[in-house]
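Structure first, then comments.
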Amino acid sequence: MKKLGFLAAVLVVVASCASVTKGKVDQGKEVGKVESQWANLKVLPQDISEDELKGLMREYNAALGVKCNHCHAANPETGKMDFSSDAKKEKDYARHMITMTNELNKKHFDYDPADKQKVSCFTCHQGNIKPKKFTDIAPAAPVTPSPSK
């Protein structure tokens, strides 16, 4: 009788373990398919980690002298930031600029992703939403007439 009670207890434990793991068993995934934890990434890599993404966003904040709400809209119902929303045109501008700097680095600077980025948002923006014009930063050179021959 003791053996039967022990066997029943073991069966209860095994059955409860099976019900806890039900649905959690890896069913396998398509080879080469990247599952993204991020909604609406169109330019940045789908497999970017949370730390990498937050670091990149902080770099953008510093390079343009802005906060998150410059590109990201708040959810009208909750008031919380909706990072996946495309409601603000600045987000699309940012995607264009990211693509442009990536292309500049790849095509014109023999860019190796393992190296530090050669051209970045800060290269032009230097902490401003709009990059300064050359005439804004260069002192006016005196105009001297060239000698006639």
Side-chain angles (χ1 to χ4, degrees), residues 10-149:
V10 169
L11 287 174
V12 168
V13 170
V14 169
S16 64
C17 289
S19 67
V20 168
T21 60
K22 185 178 180 181
K24 295 183 182 180
V25 177
D26 184 8
Q27 301 297 319
K29 295 184 178 165
E30 292 180 39
V31 175
K33 184 177 180 183
V34 176
E35 291 290 327
S36 179
Q37 63 179 328
W38 312 111
N40 202 20
L41 284 185
K42 295 180 180 177
V43 175
L44 299 176
Q46 295 292 319
D47 61 348
I48 192 168
S49 73
E50 183 174 357
D51 287 342
E52 290 171 321
L53 183 59
K54 285 181 178 180
L56 194 56
M57 292 298 131
R58 286 187 195 105
E59 287 178 28
Y60 297 155
N61 292 151
L64 277 74
V66 297
K67 301 214 181 244
C68 302
N69 64 355
H70 179 72
C71 293
H72 298 286
N75 181 318
E77 294 175 16
T78 65
K80 293 182 179 181
M81 199 62 66
D82 182 0
F83 295 108
S84 64
S85 169
D86 284 336
K88 297 188 86 172
K89 66 182 183 220
E90 290 82 0
K91 187 174 183 182
D92 200 41
Y93 292 159
R95 287 181 176 131
H96 173 73
M97 299 301 276
I98 293 165
T99 301
M100 179 188 70
T101 56
N102 288 344
E103 287 175 2
L104 282 169
N105 284 319
K106 185 176 181 183
K107 291 180 182 178
H108 301 290
F109 294 99
D110 195 27
Y111 176 65
D112 178 1
D115 294 336
K116 293 243 180 219
Q117 192 171 357
K118 292 178 173 53
V119 174
S120 70
C121 302
F122 191 79
T123 303
C124 297
H125 285 271
Q126 298 185 5
N128 300 292
I129 293 173
K130 288 189 174 190
K132 292 181 180 179
K133 297 177 186 173
F134 179 74
T135 54
D136 295 338
I137 57 175
V143 177
T144 56
S146 53
S148 328
K149 289 188 181 185

Approximate separation, where rounding is to 0.5 Å, of Cys71 SG and Met81 CE: 10.5 Å
Value rounded to 0.5 Å, distance of CG in Asn40 from CZ in Arg95: 5.0 Å
Pair listing, ring pair (Phe, Tyr, Trp, His ring centres under 6.0 Å) test, anchored in residues 76-97, at least two apart: His72-Phe83
Cys121 to Leu64 - nearest heavy-atom pair and separation: CB-CD1, 4.0 Å
Side-chain touch Cys68/Asn61, heavy atoms, less than 4.5 angstrom: yes
Salt bridge (charged side-chain N to carboxylate O under 4.0 Å, His left out): pairs with one or both residues in residues 60-81, sequence neighbours excluded: none
Gap separating the CH2 atom of Trp38 from the CD1 atom of Ile48, nearest 0.5 angstrom: 8.0 Å
Rounded distance [0.5 Å steps], CD1 in Ile98 versus CD in Glu103: 12.0 Å
Listed partners of His70 passing side-chain contact (heavy atoms from CB on, under 4.5 Å), at least two apart: Val66, Glu90, Ile129
Short side-chain to backbone donor-acceptor contact, Lys118 and Leu104, under 3.5 Å: no
Leu56 side, atom CG; Asp51 side, atom CG - distance, nearest 0.5 Å: 12.5 Å
Contact summary for Pro131 and Cys124, nearest pair of heavy atoms: CB-O, 3.5 Å
Closest heavy-atom pair and its distance - Gln37, Glu50: NE2-N, 4.1 Å
Pairwise distance NE2(His125) to NZ(Lys130) - rounded to 0.5 angstrom: 10.5 Å
Exam field: side chain Asn105 to backbone Val119, donor-acceptor pair closer than 3.5 Å: yes
